[in-house]
Amino acid sequence: FDDRPNYGHYNILYRDDGPMLRTRDPRYNSVRQVAAALPHKTTLAIPHHPGDNAHLLDWNAYDPTFAPLVEVFQVRGSYEYDNCPMHPELYGRNVVRKHSLQYGLGRGFDFGFTAGGEHEGVGVTGVYATEFTRHGIFEALRERRTFGTTGDRIILDFRLDQRPMGSRIHTTAPTLTGYLAVIGTDTLTSIRIVKNGQTCHEWKPDRLQVTYTWQQDRATYPTQPGSRETYYVVVTQCNAEMAWTSPIFVYET
């Protein structure tokens, strides 16, 4: 509605069931009011296309306890960072800078990544759930154990010190043990580890399936308690399909 503040395009998921909320209802006409009205243990929200000019995500009103996931890709393109591969302007969309996922991570928010089909069936989200039930999948979403692809059923498993994607690690260790497994649907041309928005490792496998282990050096890690690093994986195939893991968040103790 033009006469209401636009906080972005949020999709709300109920673990069991929940009320229909209407933006014309003064109790629910801001995202903060919606977040305050819904129990977070049984509800979560996912902001979509955060940099899209029509429904721009208001990072100042964003609450990662209510919205533990943000969409990295859908039919409009990728919002990983400004001018990233498959960025929305290539698809004729209007984009506002400094609203990407990397921007949100840089502001200190911890959230996982999803990819959505929207209404044109582009993009898919994978989850690592402890059980194949509605409750199990909901819990995996809430814990950020997710990855997103541009549509192909690429499979990713990314861990640091045996902790899965989406985890928070509190440590003073100078190195972490990394593990990554990728099963592609076409030849894997590039696999990158992105640390704090910059590529710190890259492999060019030229294969369909790979597994890597390595020692992640934190020689430049921050020394102040509470300082934080983010790590996630980006995969590209020769058919131009891509995938992203949720970040792992490493906090200095």
Side-chain angles (χ1 to χ4, degrees), residues 13 15 35 38-47 50 57 59-72 79-81 100-115 125-131 135-148 156-181 192-201 212-235 243-253:
L13 281 66
R15 188 191 67 185
L38 298 175
H40 292 186
K41 287 186 177 180
T42 58
T43 311
L44 66 84
I46 305 175
L57 177 60
W59 285 105
N60 293 320
Y62 172 72
D63 178 0
T65 61
F66 175 57
L69 304 166
V70 181
E71 191 178 65
V72 65
Y79 293 89
E80 181 190 355
Y81 59 89
S100 67
L101 274 70
Q102 280 195 8
Y103 174 81
L105 293 174
R107 288 191 52 168
F109 296 122
D110 290 357
F111 55 84
F113 294 178
T114 67
T125 295
V127 302
Y128 279 91
T130 56
E131 58 182 28
H135 283 204
I137 293 171
F138 182 91
E139 183 62 23
L141 293 171
R142 173 147 290 290
E143 294 299 317
R144 304 179 296 270
R145 296 193 301 268
T146 61
F147 61 93
L156 299 173
D157 186 4
F158 171 49
R159 300 170 184 266
L160 289 176
D161 279 4
Q162 301 183 354
R163 300 287 300 279
M165 61 189 84
S167 296
R168 291 188 179 102
I169 299 174
H170 297 268
T171 184
T172 57
T175 61
L176 302 168
T177 300
Y179 170 82
L180 174 64
R192 296 185 296 115
I193 309 295
V194 178
K195 172 185 175 182
N196 296 343
Q198 302 294 325
T199 299
C200 63
H201 294 285
Y212 298 114
T213 58
W214 72 97
Q215 292 299 302
Q216 180 61 53
D217 185 9
R218 299 181 67 221
T220 60
Y221 71 98
T223 57
Q224 295 298 318
S227 297
R228 162 181 165 275
E229 297 171 315
T230 63
Y231 297 86
Y232 65 87
V233 178
V234 182
V235 173
W244 300 260
T245 70
S246 287
I248 295 175
F249 307 94
V250 182
Y251 283 85
E252 182 72 8
T253 55

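Keep in mind the model is a prediction, meaning the values are calculated, not measured.
Evaluation of the side chain to side chain contact (heavy atoms under 4.5 Å, CB included) rule for F138 yields R15, L44, R142 as partners, not counting sequence neighbours. Remark: T146 pairs with S246 by the side-chain hydrogen bond (donor to acceptor under 3.5 Å, both in side chains) rule, at least two apart or across chains. By the side-chain hydrogen bond (donor to acceptor under 3.5 Å, both in side chains) test, R145 pairs with no residue at all, sequence neighbours left out. Taking the ring-ring contact (aromatic ring centres under 6.0 Å, His included) definition, one finds that F109 meets it with W59, Y62, sequence neighbours left out. Considering only residues two or more places apart in sequence or on other chains, Y232 meets the ring-ring contact (aromatic ring centres under 6.0 Å, His included) condition with F113. For Q198, the side-chain hydrogen bond (donor to acceptor under 3.5 Å, both in side chains) criterion is met by no residue, not counting sequence neighbours. Remark: H170 pairs with Y251 by the ring-ring contact (aromatic ring centres under 6.0 Å, His included) rule, at least two apart or across chains. D63 pairs by the side-chain hydrogen bond (donor to acceptor under 3.5 Å, both in side chains) definition with T65, not counting sequence neighbours. Under the salt bridge (Lys or Arg N to Asp or Glu O under 4.0 Å) criterion, R168 pairs with D110, sequence neighbours left out. Residues satisfying the ring-ring contact (aromatic ring centres under 6.0 Å, His included) test with Y212, not counting sequence neighbours, are W203. For D157, the salt bridge (Lys or Arg N to Asp or Glu O under 4.0 Å) test picks out R159, with sequence neighbours left out.
Between E71 and I46 the shortest heavy-atom distance is N-CG2, 4.2 Å. Across F147 and V127, no two heavy atoms sit closer than the pair CE2-N, 4.4 Å. Of all the heavy atoms in A45 and P68, the pair that sits closest is O-CD, 3.8 Å. Closest heavy-atom contact between A140 and A129: CB-CA, 3.9 Å. Nearest approach of L69 to P47, heavy atoms of both residues: O-CD, 3.0 Å. Closest approach of H201 and T199 over heavy atoms only: O-CG2, 3.4 Å.
Distance check, rounded to the nearest 0.5 Å: OG1 of T171 to CG of L160 gives 11.0 Å. Note that the NE2 atom of H40 and the CZ atom of F66 stand 6.0 Å from one another [nearest 0.5 Å]. Atom OH of Y231 and atom CZ of F249 lie 12.5 Å apart (nearest 0.5 Å). Summarising the geometry, atom NZ belonging to K41 is positioned 10.5 Å from atom CD belonging to E139; distances are rounded to the nearest 0.5 Å.
Counting only heavy atoms from C-beta outward, the side chains of T175 and R218 never approach each other to under 4.5 Å. Using a 4.5 Å heavy-atom cutoff, the side chains of L101 and P50 are in contact. Under the 4.5 Å side-chain criterion, counting only non-hydrogen atoms from C-beta, T130 is not in contact with H135. You'll find the side chain of C200 reaches within 4.5 Å of the side chain of Q216, heavy atoms only.
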Exercise. Can you list the steps and then say if I248 with L176 is a side chain to side chain contact (heavy atoms under 4.5 Å, CB included)?
Worked result: CA-CA 12 Å; I248 295 175; L176 302 168; over 6 Å; no
Side chain to side chain contact (heavy atoms under 4.5 Å, CB included) assessment of E80 paired with V234: CA-CA 10 Å; E80 181 190 355; V234 182; 3.6 Å; yes
Audit row: W244, L156, side chain to side chain contact (heavy atoms under 4.5 Å, CB included) steps and yes/no = CA-CA 8 Å; W244 300 260; L156 299 173; over 6 Å; no
Worksheet item: Going through the distances and angles, do V70 and Y79 end up as a side chain to side chain contact (heavy atoms under 4.5 Å, CB included)?
Response: CA-CA 10 Å; V70 181; Y79 293 89; over 6 Å; no
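Remark: side-chain polar atoms of N196 are paired, donor with acceptor, to backbone N or O of T230 under 3.5 angstrom. When atom types are taken as modelled, the side chain of R144 and the backbone of G112 share no donor-acceptor pair closer than 3.5 angstrom. T125 places a side-chain N or O within 3.5 Å of a backbone atom of A115 that can act as its donor or acceptor partner. With hydrogens and angles ignored, the 3.5 Å screen pairs a side-chain donor or acceptor of T245 with a backbone N or O of V233.
Other residues, nucleotides and ligands contribute only 12 or fewer heavy atoms inside 6.0 Å of the CD atom of Q162.
For the residue pair T172 and E252, no side-chain donor N or O sits within less than 3.5 Å of a side-chain acceptor on the partner.
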